[in-house]
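Encoded as structure tokens, the structure appears first; notes follow it.
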Amino acid sequence: MESRLRCARCGKAYPPDIRLRLCECGSPLLLIHRIEGLRGSELKTAMGSRPPGVWRYLELLPKPVGEPVSLGEGGTYLQRAERLGRELGLRNLYLKNETMNPTGSFLDRGSTVEVTIALHSGIGCLECISKGNLAASVSAYAVKAGIPCRVHVLPGAEQAKILQALAYDAELVYSSKKPYHLGDGHLVEPYNPFFLDGLKTSTLEILEQLGWSPPDAVFITMGTGSNLTAAWKALSEAESIGLIEENFTRLYGVQASGCAPIVEAFKMGLDEVESRKDCKMIFPDISEPSPILGSTVLKAIRGSGGSAIMVEEDEILKSIKLLAKTEGILAEPAAAASIAALKIAVDDGLIDRSERVVCMITGSGLKDPASMRELFRLNYPKHVRVSGTKLKIL
């Protein structure tokens, strides 16, 4: 397999060096693979001979020199959501349960690839700028690789997730704003090309779990736009090498109303996303005022025939409860927003009730005790007595 980096905007090509993240024009780079030999059914057989997980799709990933740095990520359950489907009036609803990953979020897929290639490229220190899940994920994989990790913690960071990173022995550096000058480490961002290639395996799994028959629609929450970009990349590659006959999947990107620059750009018919200075960072993992993959995401959504949907914060909290009580999945707000958006899409006629739809549930509710406390306050009557100790735990 031959790989190269290519600019998502101007098309300039670069060698597959993990140290390269952005093109000279400032736009993100994507990994482009040229697979020789196996295609279609032969490729399915080769992948099917390996255990479930990210590295099952080795032919579509940057090949490591040595053993992958793995914590058992990927291979997550595609749950047929019959009860939730009945609530929403859908007959073929599925949930891709990414809460089952080692640190509780979909980002572990990107971390295993990024950290593996970093280790075998001689990188001696990892860094990330994070308010939550990225810090926890990168820190865990850095420990497994035996590489020091430095986390730059921004205002509004979610405490439980930062404590998770601290438990993994990360060095924490608190910053009042996004730092422009970091240390000597390799900066891990969710839009890094190697990281994105790891994220795309969730979509490859969805395709395989559905018998290599694409779903009609996939709902994905967006911050930087990395997960939706990865899904678009996976679908395109799967079609080009014969894993699927035709890519007809519509992509629906979801953001919270307090910070939705991609949705706003989509509704205005723009090709570029304008930075927002007045964002409400209520749910940090899907609140990115300057999404660097914004133009790529707009292209992916429009090219797939999908849409971008904005959801209100109170509807997100209601969706956490709805998902938990119907399907037994406790999701954090950034994940449950996909359910809130699906409800809007069904009500607006964007989704036919017979279509096969997948919602990506990107992270566990156990990582966000503050939202769980608010959910408890909204959903339980005052006469229910809960001990002081239990409230403190919540």
Side-chain angles (χ1 to χ4, degrees), residues 1-40 42-47 49-50 53-70 73-74 106-123 126 138 141 145 147 186-205 207-208 224-244 247 292-293 296 299-300:
M1 178 183 71
E2 180 183 342
S3 302
R4 64 189 183 281
L5 294 171
R6 179 181 292 170
C7 177
R9 182 190 299 272
C10 71
K12 184 172 181 179
Y14 296 85
D17 186 342
I18 194 173
R19 296 170 181 84
L20 297 175
R21 298 184 298 117
L22 299 175
C23 176
E24 293 176 358
C25 73
S27 298
L29 298 172
L30 299 177
L31 264 173
I32 307 299
H33 303 299
R34 188 173 71 186
I35 299 177
E36 299 176 353
L38 299 180
R39 294 180 67 83
E42 292 179 316
L43 194 53
K44 293 176 188 177
T45 300
M47 293 174 175
S49 67
R50 304 184 190 114
V54 167
W55 296 99
R56 179 183 182 89
Y57 307 100
L58 187 62
E59 288 82 2
L60 293 174
L61 295 172
K63 191 173 182 180
V65 176
E67 286 295 312
V69 178
S70 176
E73 61 291 322
F106 76 107
L107 292 171
D108 292 345
R109 294 177 180 273
S111 292
T112 183
V113 175
E114 184 89 6
V115 175
T116 293
I117 303 302
L119 175 65
H120 299 311
S121 299
I123 289 173
L126 297 171
V138 174
Y141 284 82
I147 303 176
H186 170 67
L187 181 61
V188 180
E189 296 269 31
Y191 59 82
N192 286 10
F194 289 83
F195 199 97
L196 279 173
D197 249 38
L199 295 185
K200 76 182 182 187
T201 60
S202 60
T203 301
L204 292 174
E205 283 181 5
L207 294 175
E208 184 176 12
T224 62
S226 57
N227 204 18
L228 194 142
T229 298
W232 168 68
K233 191 172 186 290
L235 288 163
S236 301
E237 291 177 355
E239 182 181 30
S240 68
I241 60 177
L243 289 175
I244 58 177
N247 173 21
I292 195 166
L293 284 164
T296 304
K299 181 180 178 181

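It should be emphasised that the depicted structure is a prediction, and the values quoted were computed from it without experimental measurement. Just so you know, these numbers use all the heavy atoms, side chains as well, and skip hydrogens, waters and symmetry mates.
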Taking side chain as C-beta onward, heavy atoms only, is [X] less than 4.5 Å from [Y]?
X: K12; Y: R6; result: no
X: H33; Y: P62; result: yes
X: R109; Y: S202; result: yes
X: L22; Y: L29; result: no
X: L5; Y: L30; result: no

Please name the pair of heavy atoms, one in [X] and one in [Y], separated by the smallest distance, quoted to 0.1 Å.
X: Y14; Y: E24; value: OH-N, 3.0 Å
X: R19; Y: I123; value: NH2-CG1, 4.0 Å
X: L60; Y: K200; value: O-NZ, 2.6 Å
X: L196; Y: S226; value: CD2-O, 3.2 Å
X: C10; Y: C7; value: N-SG, 3.3 Å
X: A118; Y: I18; value: N-CD1, 3.5 Å

Using modelled atom types and a 3.5 Å cut-off, is there a donor and acceptor pairing between side-chain atoms of [X] and backbone atoms of [Y]?
X: H186; Y: V115; value: no
X: S27; Y: C23; value: no
X: T116; Y: V69; value: yes
X: K233; Y: L31; value: yes
X: S111; Y: D108; value: no

How long is the gap from [atom1] on [X] to [atom2] on [Y], to the nearest 0.5 Å?
X: E237; Y: W232; atom1: CD; atom2: CH2; answer: 10.0 Å
X: S236; Y: N247; atom1: OG; atom2: CG; answer: 6.0 Å
X: L228; Y: L199; atom1: CG; atom2: CG; answer: 11.5 Å
X: F195; Y: I117; atom1: CZ; atom2: CD1; answer: 13.5 Å
X: T224; Y: N192; atom1: OG1; atom2: CG; answer: 10.0 Å
X: S240; Y: R34; atom1: OG; atom2: CZ; answer: 13.0 Å

Quick check on K44: does its NZ atom have over 12 non-hydrogen neighbours (other residues, nucleotides or ligands) under 6.0 Å away?
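It does: K44 NZ has more than 12 such atoms within range.
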
Can [X] and [Y] be counted as having a side-chain donor-acceptor contact under 3.5 angstrom?
X: W55; Y: T112; value: yes
X: Y191; Y: R21; value: yes
X: Y141; Y: E73; value: yes

By salt bridge (Lys or Arg N to Asp or Glu O under 4.0 Å) - contacts of R50 (at least two apart):
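Checked R50 against salt bridge (Lys or Arg N to Asp or Glu O under 4.0 Å); matches are E59.
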
Under the salt bridge (Lys or Arg N to Asp or Glu O under 4.0 Å) rule, collect the residues that match up with R39, sequence neighbours excluded.
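Applying salt bridge (Lys or Arg N to Asp or Glu O under 4.0 Å) to R39 gives none.
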
Take L235 and T203 through the test side chain to side chain contact (heavy atoms under 4.5 Å, CB included) and record every step on the way to the result.
CA-CA 7 Å; L235 288 163; T203 301; 4.0 Å; yes

Take L243 and M47 through the side chain to side chain contact (heavy atoms under 4.5 Å, CB included) test and state the conclusion after the steps.
CA-CA 11 Å; L243 289 175; M47 293 174 175; 4.3 Å; yes

Taking only Lys NZ, Arg NE, NH1 and NH2, and the carboxylate oxygens of Asp or Glu, determine whether R56 and E205 approach each other closer than 4.0 Å.
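E205 and R56: not salt-bridged.
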
Go through L61 and V54 one step at a time and tell me if the side chain to side chain contact (heavy atoms under 4.5 Å, CB included) criterion holds.
CA-CA 9 Å; L61 295 172; V54 167; 4.0 Å; yes

